[in-house]
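Shown next, in structure tokens, is the structure this report addresses.
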Amino acid sequence: MIQARFDGGDEPALVLTGTGPRPRAVDLAGARARTTARLTGRGKTWRAVLPLTASRWGGPSLPVPAGDYRVEITPADGEETPTSIQEVPSTHLGGLRAQLAAGILTAGPPLDPAYDSGEGQDALERRYATRPGGLENAVFFESFYGRNAGCNPLAIDRELARRAPHVTRYWSVVDLSVRVPDGAIAVVEGSPEWWRARGRSRLLVVNDWLRRRFVRTRGQVVLQTWHGTPLKRLALHRPGFDPRRMAAVFKESRRWNVLLAQNPYAAKVLGKAYAFLTRPIWIEGYPRNDVLVRGDDGATRRALGIAPDERVLLYAPTWRDDRREIVDFVDPAGLAARTGAVVLVRGHSRTLHPGRDAEGPRVIDVTGYPDTAGLLLAADALITDYSSVMFDFSVTGKPMYFLVPDLERYRGELRGFYFDLAERAPGPLVRTQDELVAALGRNDSPRYEERYARWRATFNARDDGHAAERVVDRILDQGYVDPA
């Protein structure tokens, strides 16, 4: 049996020790991350040190994302693969908790077991709902339920840090694999620090629903930036009457003080879909799109290892209500082979944890990449379906293609649309990968030039590169935080 233990030093690791010839390789393989062991020993025993941290796309070394990781041992030539590895109970390693059983390492956020239960969370909620004390001059940021630190909250964070550096900035994260902006404080969801930060910050900036029975403290302000101009029907407008959903929507929108909209169309739709009709809606463009106006410095391509002269296609479909993982309408490796391009695969944030990275020659899965705007700058063309990314990518003026094999079902059964995509899309609608490849080989830009211009006039008029400045102007003018 291979012996195993956890090392909680400066770099948390799983340490394996075995007898016989040293393996050729030992890896930890997960859905969204992989680490490779440092191997030593050439005699009767060998040792493998598997880091429980990873660095992706040139970022810092952080704890691996929560999930299951298979221990993969590639034996020396002529040797058999070891089948038995010692189990190790759950251990707190500083930046994460981990356990090993049946050759599977399970990593999770570094929560104290006393709080990692319904009763523990109830106790924390009561503690921070009733604890006396005033609000802190701080902002609590959350993006896509803490799965990343991006989108509009990130752009607002960066501008606020520049203008009001003394304001404390907390970022809600699902675990410490999520990189937060420089100078910000990561608070792991469900931890005492998270409950305190959310309950005591003067301003909350979020881009999706608040959870865990959030109730505003007197004097708190919630700025809901949302995360896209909608094509698909939302909230109260979704197909089928469901009184529970209606009640949940009303309860959620009552938690918000201010709603941010990219354009007047989005303000009208979001206001009605969330019954947010009597409180302020700021129509300022999207802060996350400011960088799209300023241009590309090539940083994303360099981080992804893509040469400046290579053609890059970004495939970014939305999620489906009837499946957990990204749709399989594209064979990324086949698309790369037939077009000669590098294909970036960007799943929706809701598919980040259930799915796994797409693989293949000239294919890069960027579902976990922290900055969507950088991907839009790096891409030469966008392939999407019904995702709101279409309203962001159009800021760049680059070509878009709409792969919609399930158009009738999505429009008629799953969600429905606010307008006819086929009539207004600023690029071709295709049904198959063959049709997509053919469209990518043509120059359809002149055919869609007028449509594209109308689209940008409708949806991107305020995306002028200064949206974050205007939003922070409002935050400071309203006194939501004290810049001094």
Side-chain angles (χ1 to χ4, degrees), residues 31-32 144 227-234 238-239 304 311-369 372 375-376 378-394 398-442 444 448:
R32 297 293 184 189
F144 297 115
H227 50 266
T229 290
L231 166 67
K232 54 183 181 283
R233 293 188 174 274
L234 299 172
R238 287 176 63 172
L304 299 175
R311 187 186 189 192
V312 176
L313 304 177
L314 173 61
Y315 177 50
T318 193
W319 68 290
R320 301 303 195 272
D321 297 84
D322 60 348
R323 67 169 76 192
R324 300 175 70 227
E325 298 187 11
I326 188 173
V327 292
D328 53 2
F329 300 146
V330 161
D331 167 18
L335 182 62
R338 295 179 65 182
T339 60
V342 174
V343 175
L344 306 181
V345 178
R346 175 73 165 188
H348 189 276
S349 66
R350 289 178 183 259
T351 71
L352 175 61
H353 290 302
R356 64 174 50 249
D357 281 1
E359 298 178 346
R362 298 178 66 76
V363 173
I364 305 173
D365 193 300
V366 290
T367 303
Y369 193 79
T372 302
L375 300 175
L376 303 187
D380 295 300
L382 172 69
I383 303 161
T384 189
D385 44 25
Y386 323 115
S387 170
S388 63
V389 73
M390 65 179 74
F391 301 101
D392 302 307
F393 193 76
S394 55
K398 292 183 287 190
M400 288 190 277
Y401 302 84
F402 299 84
L403 178 60
V404 291
D406 61 344
L407 177 63
E408 288 76 19
R409 182 164 187 267
Y410 196 94
R411 180 176 56 197
E413 299 177 32
L414 285 182
R415 274 301 183 98
F417 297 150
Y418 286 110
F419 61 82
D420 189 334
L421 180 64
E423 287 185 358
R424 298 178 66 176
L429 272 64
V430 296
R431 298 286 186 149
T432 67
Q433 183 155 318
D434 286 342
E435 291 182 10
L436 174 62
V437 171
L440 287 164
R442 300 190 301 263
D444 285 330
Y448 290 95

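Excluded from the calculations below are hydrogen atoms, water molecules and symmetry mates; all remaining heavy atoms, backbone and side chain alike, are included.
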(message) Would you compute the distance between atom CG of L231 and atom CG of L421 and round it to the nearest 0.5 angstrom?
(response) 5.5 Å
(request) Please round to the nearest 0.5 Å and tell me the distance separating atom CG of L382 and atom OH of Y315. (result) 10.5 Å
(message) Listing request: all salt bridge (charged side-chain N to carboxylate O under 4.0 Å, His left out) pairs with a residue in residues 378-389, at least two apart in sequence or in separate chains.
(response) R301-D380, R320-D385
Closest approach of [X] and [Y], non-hydrogen atoms and distance?
X	Y	answer
S349	F144	OG-CD2, 3.3 Å
V430	A439	CG1-CB, 4.2 Å
A333	P361	CB-CD, 4.2 Å
R346	V366	NH1-O, 2.6 Å
T367	G347	OG1-N, 2.9 Å
L436	Y401	CD1-CB, 3.9 Å

(request) Would you check if the side chain of R362 reaches a backbone N or O of G340 as a donor-acceptor pair within less than 3.5 Å? (result) yes
(message) Is the ring pair Y386/F417 parallel, tilted or perpendicular, if the boundaries are 30 and 60 degrees?
(response) tilted
(message) Does R311, at its CZ atom, have more than 12 non-hydrogen atoms belonging to other residues, nucleotides or ligands within less than 6.0 Å?
(response) yes
(request) Given side chain to side chain contact (heavy atoms under 4.5 Å, CB included), test S387 with H348 step by step and report yes or no. (result) CA-CA 9 Å; S387 170; H348 189 276; 5.6 Å; no
(message) Exactly one of L313, I364, I326, I383 should register a side chain to side chain contact (heavy atoms under 4.5 Å, CB included) with V345. Which one does?
(response) I326
(message) What I want to find out is whether D365 reaches R32 closely enough, with some N-O distance under 4.0 Å, to be called a salt bridge.
(response) yes
[X]: which residues meet the ring-ring contact (aromatic ring centres under 6.0 Å, His included) condition with it, sequence neighbours left out?
X	value
F393	none
F329	none
Y369	W57

(message) Going by side chain to side chain contact (heavy atoms under 4.5 Å, CB included), name the residues that satisfy it together with R415, two or more places apart in sequence or in a different chain.
(response) K232, L234, R238, W319, D321, Y410
(request) Name all pairs fulfilling the side-chain hydrogen bond (donor to acceptor under 3.5 Å, both in side chains) condition that reach into residues 425-440, sequence neighbours left out, sorted by first residue then second. (result) R338-D434, E408-R431
(request) Take V342 and L304 through the side chain to side chain contact (heavy atoms under 4.5 Å, CB included) test and state the conclusion after the steps. (result) CA-CA 10 Å; V342 174; L304 299 175; over 6 Å; no
(message) Could you check whether any side-chain heavy atom of L440 comes within less than 4.5 Å of a side-chain heavy atom of L335, counting everything from C-beta outward?
(response) yes
(message) Walk me through whether F402 and L407 qualify under side chain to side chain contact (heavy atoms under 4.5 Å, CB included).
(response) CA-CA 10 Å; F402 299 84; L407 177 63; over 6 Å; no
(request) Step by step, work out the side chain to side chain contact (heavy atoms under 4.5 Å, CB included) result for R409 and L414. (result) CA-CA 6 Å; R409 182 164 187 267; L414 285 182; 3.7 Å; yes
